[in-house]
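Structure first, then comments.
In this chain, residues are counted from 1 in sequence order. Whatever order the structure lists them in is the order used to number ligands and atoms, beginning at 1.
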Amino acid sequence: MSQYWTTLDHLYIEKLLEPGAEIDQVAQSFQIKISPTMQQQISRAKGEEREALLRQFIPSIAENHILPEELDDPIGDGRFTPVAGVVHRYPDRALLKITQLCEVYCRFCFRKEMIGQKGENLTKSELQNALDYFAEHQELWEVILTGGDPLILSIRRLREVLLALAAIPHLKSIRIHSRIPLISPEKISPELLALLDEVMASGKMLTVVLHANHAAEFSPEGRAALRALRSKGVMLLSQSVLLKGVNDNLPALKALMYTFVENGVKPYYLHQMDLARGTSHFVVSNEAGIALINQLREEISGICIPRLIIEIPEGEGKRVLA
Ligand SMILES: *Cc1c(COP(=O)(O)O)cnc(C)c1O
Ligand code: SF4
C-alpha cells in the first residue's frame with residue numbers, strides 16, 4: 001500500500017500515483033483532490049508527518065476492498081431527510097447539506113458515496129424548500145451547515161444562505177462544519193469575514209467546527225485564518241477522525257489536541273470511523289480508541305480533551321465512548 005506515497009517527489013497529484021488499472025479504478029470511484037495549501041504542507045512535511053498527510057488524501061488500492069458490513073449511507077441520513085439537503089435527527093438541530101464538493105477528498109470520508117464528481121450543490125428550489133423547512137420548524141434552535149464543505153461556495157451564495165438563515169427568529173446558532181480554514185485558508189477572505197460579522201451583528205452565534213486530523217495540517221497561513229475567524233468572535237471547535245496510520249498513537253493525538261488549543265480551537269469530537277465502503281484500512285478498534293483517550297486524560301490539560309464518539313449505523317445517532 002505504502003508504495004503510493006513513498007515515491008512522492010513532486011507537488012503534482014498525478015506524480016503521487018503509480019500508474020495502474022487498479023488505482024485508476026479507485027480514483028474513478030472516488031476522485032482525488034488535494035488543495036494547493038495541502039500540497040504545500042505535504043512537500044514541507046517529513047517522515048511520519050508526511051505519511052499522515054498522504055494517507056488521508058492519496059488513494060490506496062485498499063479502497064477496492066469492500067466489507068459486507070460497509071454501507072453507502074453508513075450513518076443512516078436517508079431516514080431523517082424530510083426535504084432534500086436537510087437531515088433532522090435530533091429535536092433542536094438539523095443539518096443543511098448545502099454542497100457536495102470539498103477542497104480535498106479524504107479517502108476515509110463517511111459521505112464518500114455522495115461527495116465529489118457525483119455530487120453537486122442544492123438547486124435554487126431545493127435550497128428554498130430547505131430554508132422553508134427551517135423556518136417552519138420552531139423547535140430548531142440550531143442549523144448545522146455541512147456537505148461537502150460549505151465554505152467552498154462563493155461569497156454570493158454563502159451570503160444568500162446565511163442571511164436567509166439569520167432572518168429566521170427561532171434559529172439562534174449557526175454552525176459550519178469545515179476543513180477550509182486549514183485546507184484552503186485563502187478562502188477565509190476579508191469578504192467572508194465581513195459576511196460573518198454581518199451575520200453575528202444580526203444577533204446569531206456563529207460556530208465553525210474545524211475538521212483536522214494531524215498537527216502537520218496547520219500551516220502558517222491556516223493558523224492566520226483561524227486567528228482571523230477568532231478575531232471576529234466566531235467560536236471554534238474541533239472534530240477529528242481516529243485514523244489508523246494517521247493519528248492512532250499518543251504522540252500524534254497529543255500534538256493534534258495541543259495544536260487545536262494553541263490556535264484557539266476547543267477539542268470537541270474525536271470520531272470513530274463509520275462503516276463507509278472501502279475504508280477498513282483506517283479503522284481503529286473501540287478499545288484502542290478508549291485507551292488512547294484515557295491516556296490523554298492522564299497526561300494533558302483538561303481543555304485539550306475531546307469526546308470519543310461513534311455513530312450507530314441505521315441512523316440511531318451518536319454514542320459517547322469516552
Ligand atoms: C452529529 C449530528 C449532529 C450534531 O450533533 P452534536 O452532538 O450537536 O454535535 C446533528 N445532526 C445530525 C444528523 C448529526 O449526525
Ligand atoms: S472534507 Fe469532509 S466531506 Fe469532504 S471529503 Fe473530507 S471528510 Fe468528506
Protein contact of atom 5 (S) of ligand 2 - nearest heavy atom, named by residue and atom, plus distance: Cys106 N, 3.3 Å
If we set the cut-off at 4.0 Å for heavy atoms, which region of [X] has an atom near ligand 1: side chain, backbone, both, or neither?
{"X": "Arg175", "answer": "side chain"}
{"X": "Asp77", "answer": "neither"}
{"X": "His88", "answer": "neither"}
{"X": "Phe80", "answer": "neither"}

Quick check: does any side chain N or O of His88 sit under 3.5 Å from a backbone N or O of Tyr90, one acting as donor and the other as acceptor?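 Confirmed, His88 side chain pairs with Tyr90 backbone.
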Pairing of Arg159 and Glu198 as salt bridge, 4.0 angstrom limit: yes
Counting heavy atoms only, which part of Glu103 comes closer than 4.0 Å to ligand 2: side chain, backbone, both or neither? neither
Compute whether any side-chain donor of one residue and acceptor of the other, for Asp132 and Gln128, lie under 3.5 angstrom apart. yes
For a distance under 2.8 Å, tell me if Cys109 has an N/O/S atom near atom 6 (Fe) of ligand 2.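 Coordinating: no.
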Is Cys102 close enough to atom 4 (Fe) of ligand 2 to have an N, O or S atom under 2.8 Å? yes
Polar contacts were defined as any N/O atom of the residue lying under 3.5 Å from an N/O atom of the ligand; does this apply to Tyr90 and ligand 1?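 No, Tyr90 has no N/O under 3.5 Å of an N/O on ligand 1.
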Here's one to test your reading of the geometry: is the NZ or CZ of Arg277 within 45 degrees of the ring axis of Phe30 and under 6.0 Å from its centre? no
Take Glu103 and Arg179, measure what salt bridge (Lys or Arg N to Asp or Glu O under 4.0 Å) needs, and give me the verdict at the end. CA-CA 8 Å; Glu103 290 287 357; Arg179 267 200 125 166; over 6 Å; no
